[in-house]
Amino acid sequence: MLNYVVTHRSQDKKLDDNKLGLLEEVILIDGTALNEVIIPLMNVSRRTATGEVDPDETLNKSQIYVTTAGWKGTFPYDKLIQLLIWQIVKPGQSIVLGGTWRVPVLMKLLDRNFVKDLKADGTFNEASFAREYESVWSGTVEDAFFNAEVFDKHRVLNQPEYEYSGRSSKDAYYVISVDVGRKGCASVACVFKVTPQPQGNALKTLVNIYTYDEEHFEDQAINLKKLYHKYNARSIVIDGNGLGIGLVDYMVKNQIDPITNETWFNFGVENDDEGFYKKYKTEDTVQDAMYIIKANAPINTEAHANAQSQLSSGKVKFLLDERTAKAKLLNTKLGQNMTPEERAEYLKPFTLTSILKEEMMNLREEHDGVNIILKPANRSIKKDKFSAFEYGLYYIKQQEDSKKKKKKFNVKDMLFMN
């Protein structure tokens with residue numbers, strides 16, 4: 001989204017070349033397009049009635065940038081720093097103004113209870129609130145592993161998906177990856193749609209994110225099994241370390257939905273190499289429906305590197321920024337007729353994708369020998385959504401690598417002839 005206004009101030013139409021640029025929501029603006037296309041439009045200076053240029057004309061070629069805070073290491077942040085420096089080295093030619101939610105509350109333009117409700121919302125994120133209501137820019141931290149601009153470049157999905165859809169490709173399939181939480185920490189499920197390509201790796205689109213707050217493992221198992229069948233998924237990928245093993249214990253057994261009284265049958269484990277879960281199999285078992293990851297340092301290193309590689313190569317696509325999604329929604333009759341609660345529910349997958357970005361940009365790279373360790377710079381920002389995200393990509397990579405090995409295998413290589 002780029003709003004640009006050119007203002008003419010001369011009363012003589014022949015002299016209408018005094019231009020003032022006003023740019024809104026700069027955090028959503030392509031810096032290259034701005035510098036190479038928009039700014040050059042202002043290259044003609046205003047001339048007076050005598051045909052001369054007035055060097056003291058205040059508004060001539062002036063630029064006004066209006067935005068909420070965004071991410072460090074991006075074009076709008078660099079522009080902010082530039083203007084701050086100009087404020088010192090070019091006094092009187094540049095000024096930077098900022099504010100917080102406290103000013104409109106003081107002036108009775110904003111209800112304090114509205115701010116309290118925001119903080120109580122289930123998708124509340126401290127860093128996001130700081131950007132929107134405190135004018136505090138979020139890191140890309142020093143030594144950050146992921147790049148905010150690369151993430152934003154691939155936020156192209158207009159709509160989330162809530163069930164299986166074969167419209168894009170008959171060969172596409174779904175993978176659901178889960179980071180397990182309990183007692184104060186939500187379990188997170190990332191839903192990937194994987195579309196194989198004629199050449200190279202498949203395209204992965206993160207079509208939805210679900211969270212389950214402080215639920216009993218049996219309730220989580222029921223919800224995940226519903227999700228699996230709703231998307232006709234190839235597999236549910238679960239972190240089997242720590243709390244995850246408790247959820248797996250419920251996934252390999254039947255559950256009865258306490259509301260509908262419907263039975264959800266047990267899931268088989270795809271990579272049960274030791275045969276530990278075979279004893280739970282029955283004739284109703286959903287075969288190979290679950291893949292268990294028991295991460296260690298080498299697996300984490302491979303998963304981290306794969307996530308970065310897939311993101312940088314453009315093989316992963318994400319939902320739009322929630323502000324853009326909201327603007328598009330409000331341009332439709334459906335969106336205009338929604339209640340605030342319905343609108344918030346619709347925007348939830350977009351918001352959760354932004355929280356995923358927040359978590360990824362907060363991760364700093366460290367090394368332990370050959371192993372990559374990702375540690376949060378701000379410990380108040382969790383990384384549960386990122387963990388679910390990279391587990392899904394790791395599983396998809398294992399599937400692709402396995403398929404490549406099968407293609408390379410040739411039975412003639414096993415024949416010995418003299």
Side-chain angles (χ1 to χ4, degrees), residues 25-28 67-77 80 100-101 115 118-157 160 177-179 181 184-192 206-213 303-304 307-308 310-312 316-326 344 347-365 373-393:
E25 282 302 322
V26 185
I27 57 172
L28 302 178
T67 188
T68 50
W71 296 85
K72 296 177 182 177
T74 61
F75 163 76
Y77 182 76
L80 170 66
T100 78
W101 57 271
V115 178
L118 280 176
K119 293 185 175 182
D121 187 85
T123 58
F124 171 73
N125 179 272
E126 287 186 10
S128 177
F129 181 84
R131 288 195 304 272
E132 294 286 341
Y133 292 92
E134 299 278 9
S135 297
V136 176
W137 291 72
S138 296
T140 296
V141 298
E142 187 179 355
D143 299 325
F145 196 67
F146 297 100
N147 184 283
E149 288 191 323
V150 172
F151 191 103
D152 287 338
K153 180 180 178 181
H154 301 300
R155 297 193 74 168
V156 297
L157 303 181
S177 52
V178 182
D179 181 72
C185 295
S187 287
V188 179
C190 288
V191 182
F192 290 90
L206 185 61
V207 297
N208 216 325
I209 300 177
Y210 296 86
T211 59
Y212 304 103
D213 297 322
H304 299 337
Q308 186 187 61
Q310 293 295 305
L311 190 65
S312 300
V316 187
K317 305 298 181 183
F318 303 93
L319 290 166
L320 294 173
D321 180 275
E322 67 270 20
R323 288 181 294 268
T324 305
K326 183 177 181 179
L347 293 172
K348 190 173 183 179
F350 301 93
T351 303
L352 290 173
T353 303
S354 291
I355 296 175
L356 166 65
K357 174 188 171 183
E358 176 77 43
E359 294 181 0
M360 293 174 67
M361 299 310 117
N362 186 52
L363 295 173
R364 177 185 287 124
E365 176 184 3
I373 301 173
L374 297 185
K375 291 187 176 181
N378 182 347
R379 295 187 180 277
S380 67
I381 299 176
K382 300 175 182 178
K383 62 172 187 173
D384 49 359
K385 294 167 187 63
F386 167 70
S387 294
F389 170 75
E390 75 166 350
Y391 291 153
L393 291 181

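Taken from CD in E322 to OG1 in T351, the straight-line distance is 4.5 Å, to the nearest 0.5 Å. Taking NZ of K348 as the reference point, atom CG of N208 lies at 10.0 Å (rounded to 0.5 Å). Distance check, rounded to the nearest 0.5 Å: CG of D179 to OG1 of T211 gives 12.0 Å. Summarising the geometry, atom CZ belonging to F145 is positioned 15.0 Å from atom NZ belonging to K375; distances are rounded to the nearest 0.5 Å. One finds the NZ atom of K383 at 6.5 Å from the CG atom of L374 (value rounded to the nearest 0.5 Å).
Residues E359 and L363 fail the side-chain proximity criterion, which asks for heavy atoms closer than 4.5 Å. Taking 4.5 Å as the limit, some side-chain heavy atom of F75 sits within range of a side-chain heavy atom of E149. At least one side-chain heavy atom of D152 sits less than 4.5 Å from a side-chain heavy atom of R155. Contact annotation: the side chain of F386 approaches that of L356 to within less than 4.5 Å [non-hydrogen atoms, C-beta and beyond]. T67 places none of its side-chain heavy atoms less than 4.5 Å from the side chain of L80. Within the 4.5 Å cutoff, the side chain of Y391 has no heavy atoms near those of the V178 side chain.
A pairwise comparison of heavy atoms in A69 and S135 identifies CB-C, 3.8 Å as the closest pair. Closest non-hydrogen pair, C190 versus K385, comes out as SG-O, 4.0 Å. For the pair V316 and H154, the tightest heavy-atom approach, listed with the atom from each and the gap, is O-CB, 3.5 Å. Smallest separation of non-hydrogen atoms from L319 and T353: CD1-OG1, 3.8 Å. Taking all atoms of both residues into account, the shortest heavy-atom contact from G181 to S187 is N-OG, 2.8 Å. For the residue pair N362 and I381, the shortest heavy atom distance occurs at ND2-CB, 3.6 Å.
Surrounding NZ of K326 are at most 12 heavy atoms belonging to other residues, nucleotides or ligands under 6.0 Å away.
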If you apply the rule side chain to side chain contact (heavy atoms under 4.5 Å, CB included), what do you find for Q308 with N147, and how did you get there? CA-CA 9 Å; Q308 186 187 61; N147 184 283; over 6 Å; no

List the steps and the verdict of side chain to side chain contact (heavy atoms under 4.5 Å, CB included) for F350 and T324. CA-CA 9 Å; F350 301 93; T324 305; over 6 Å; no

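Taking the six-membered ring for Trp, F318 and F389 have ring centres closer than 6.0 Å.
The pair K357-D321 does not meet the salt-bridge criterion, since no charged nitrogen lies less than 4.0 angstrom from a carboxylate oxygen.
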